[in-house]
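Just so it is clear, the structure is predicted and the values come from calculations on it, not from any experiment. A note on names: the letters A, B, ... follow the listed sequences, proteins ahead of strands, and every chain is numbered from 1.
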Protein chains: 2
Amino acid sequence: MARELQVTPKDTRPLTLRDVSEASGVSEMTVSRVLRNRGDVSAATREKVLRAAKTLGYVPNKIAGALASQRVNLVAVIIPSMSNLVFPEVMTGINRVLEQTELQPVVGLTDYLPEKEEKVLFEMLSWRPSGVIIAGLEHSDASRAMLRTAGIPVVEIMDTDGTPIDTMVGISHRRAGREMGRAILAAGHRRIGFLGTGLGLDHRARKRFEGFTEALAKGGVEVADQEFYSGGSALAKGREMTMAMMARSPDLDFLYYSNDLIGAGGLLWMIEQGYDIPDKVGMAGFNGVRLLQGLPRKLATIDSCREEIGRRAAQIVADRLTGDTKDGPKVELTPTIAFGDTLKQP
Amino acid sequence: MARELQVTPKDTRPLTLRDVSEASGVSEMTVSRVLRNRGDVSAATREKVLRAAKTLGYVPNKIAGALASQRVNLVAVIIPSMSNLVFPEVMTGINRVLEQTELQPVVGLTDYLPEKEEKVLFEMLSWRPSGVIIAGLEHSDASRAMLRTAGIPVVEIMDTDGTPIDTMVGISHRRAGREMGRAILAAGHRRIGFLGTGLGLDHRARKRFEGFTEALAKGGVEVADQEFYSGGSALAKGREMTMAMMARSPDLDFLYYSNDLIGAGGLLWMIEQGYDIPDKVGMAGFNGVRLLQGLPRKLATIDSCREEIGRRAAQIVADRLTGDTKDGPKVELTPTIAFGDTLKQP
DNA sequence: ATGAAAGCGCTAACAG
DNA sequence: CTGTTAGCGCTTTCAT
């Protein structure tokens, strides 16, 4: 049987600038200039180079470029999770701004674990990014040290209740909790249940809860019952927790959830059960997620300004790299309560 | 006024191996060996180096390391979007596997746009990743060329209706659509409405729809009405579209949604309206998202095996890099229908 | 067990 | 407008 025509033994070595240089008969340096639109190059050579690069299928090696130029157009974005619904929206905001620049976001996930944050941060910094956007103000000493000595802009996001390493953009969760507490009292509720995530590692949820109880305390009210969860489908958990709590404490007249998703699950169950909302029992969540728009009734909530936080943070990094220093070290956004159909407006 | 004590003029230059070398009195080469746990180094020097590195706060420069070693432990993951709920779960699967290796995922988003996919792919390949995991089988010629010549493992995910460049892992969306079509006919429905995303750029939604209509055609049935959307809160859109469709075609006895989220929105509305489900009107979605667990009734759906797809894809890349070639070029997972409470079981 | 020399592929800086 | 010369910070390879 005749041997098939030998396919060119694909020399898998990636192409280099030199290959383009040889193919086009132009020096490596000029090729480099063309490919980066830098300096003046005659239209003729420019054409030659571009054609050679395209026909060869040349893909530049950013590793080498970054090492030589000492510049890396990457912004490290360090967030707890992608399945939180909150962070994809922050990313959207970041992208919207970075898209207009040379910068590219690179995401690292921490799963809300400080040790993992430290590890991820170390990994990311070893790529020498041009800036860091990191969720939260609470970090290990080692993490803080790395961020301080990295010599690049650092923006801590989501939260402004604390002191930033460099810059922070977010909302005051303590204040958000306080405002919701006040609004609930103003609506006349006194027997209030809290349903939320375990407050261990989620500092922002904890701060909201602290602000909340503080506001209630000023009105002489204490949280009457509480229920915590972790893991699982938030909607289903909200349903279960609500069921459990109403069975245990049937006299509650308000349910405050630490996030909209469990709140939505609870709301669906309460509607099914025929509770008179918000007259007999009021309800509220936190975040202002769009999902709420699709529910039979709108859950009261406070917008957490996720996309704007992303945009502002990215803008700060971008500005800093071009030398601008518009914003101060603290950018606090002010979210407003959406009363929806589950909390009486004063 | 006396001048404050001059703070050490922070020499912002990042530390290099050389700094650690000088601080520890050990050659750069040996420092490098210690930091990578490579080769034999005496426990004593090892200690010295480690201590010096830690106290200085040295963070290695992966840019330089990658250039020198010609190895980059990055896997490019290219997906359409993070707000689709499907892709974060794929990422979870990918992470779960890569976590056990030296490899790190880096995500690029395409927004379902081929031109953007091409751009993102080019960007990512210029970092010389060790492998690529990319959603879908449809790519521009240029993208396909880049992937082919990159000389690294390429895994196309989600879909198996087509020919892979290298390897593919997913489900047959055409078959999923067909099976749902058959199940609906088997349950006795004949007046069927379809509600979905515009079928333009989402090839997998299109394939499902094609399989679906094909199955119906075999039973002599055609889609009686259809409604498309794009953008906005999927839950709210599902509600609106369902409302519109039932107003226009009140005689429908089944609503088939191209994804679970709009299906959930529709289901909530149908329940509110008091429709007799599934006896008078049946409903089904697609994806098997966990969110459905929290609804008053469970929507019928087909699981899209997202996390497993991620796991298998990552495993293939990891295996390839260590020389293994366990799987063939096609890994097709077989999802099963979940009838839930909205589709009668045969 | 440790060190010296030679690049990895590209770009800054300077010549022409 | 184009080319030449040195590195960027690390790892490979080869001595010792």
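Dashed line: the shortest gap from a side-chain N or O of B/Tyr58 to OP1 or OP2 of D/dC10 is under 4.0 Å. Contact between the side-chain N/O atoms of B/Thr16 and the OP1/OP2 oxygens of D/dG9 is not found at any separation under 4.0 Å. The phosphate of C/dG9 (OP1 or OP2) has a side-chain N or O of B/Gln70 nearer than 4.0 angstrom.
The pair B/Glu22-B/Arg18 counts as a salt bridge, with a side-chain nitrogen and a carboxylate oxygen less than 4.0 angstrom apart. Electrostatic pairing of B/Lys330 and B/Glu332 counts as a salt bridge here, judged by a charged N lying under 4.0 Å from a carboxylate O. Between A/Lys116 and A/Asp111, at least one side-chain N (NZ, or NE/NH1/NH2) sits under 4.0 Å from a carboxylate O, which counts as a salt bridge. Ion pairing between A/Asp166 and A/Arg148 fails under the 4.0 Å rule for side-chain N and carboxylate O. Ionic pairing of A/Asp327 and A/Arg312 is present here: one or more N-O contacts between side-chain nitrogen and carboxylate oxygen are shorter than 4.0 angstrom.
In this structure, A/Asn61 reaches the sugar-phosphate backbone alone: every heavy-atom distance under 4.0 Å involves primed, P, OP1 or OP2 atoms, never a base.
Atom pair B/Leu17:CG and C/dC8:P shows a separation of 20 Å (rounding to whole Å applied).
Annotation: of the two residues near DNA chain C, B/Leu67 and B/Thr30, the 5′-most nearest-nucleotide partner is B/Thr30.
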Are there any protein N/O atoms within less than 3.5 Å of an N/O atom in nucleotides 12-16 of chain D, and if so, which ones and at what distance?
unit_1: D/dT12; atom_1: OP1; unit_2: B/Arg71; atom_2: NH2; d: 2.6
unit_1: D/dT12; atom_1: OP2; unit_2: B/Arg36; atom_2: NH1; d: 3.2

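In the region residues 41-48 of chain A, proximity to DNA chain D at under 4.0 angstrom, judged on heavy atoms, holds for A/Val41, A/Ser42, A/Thr45.
Side-chain polar atoms of B/Ser32 and B/Arg36 form a donor-acceptor pair below 3.5 angstrom.
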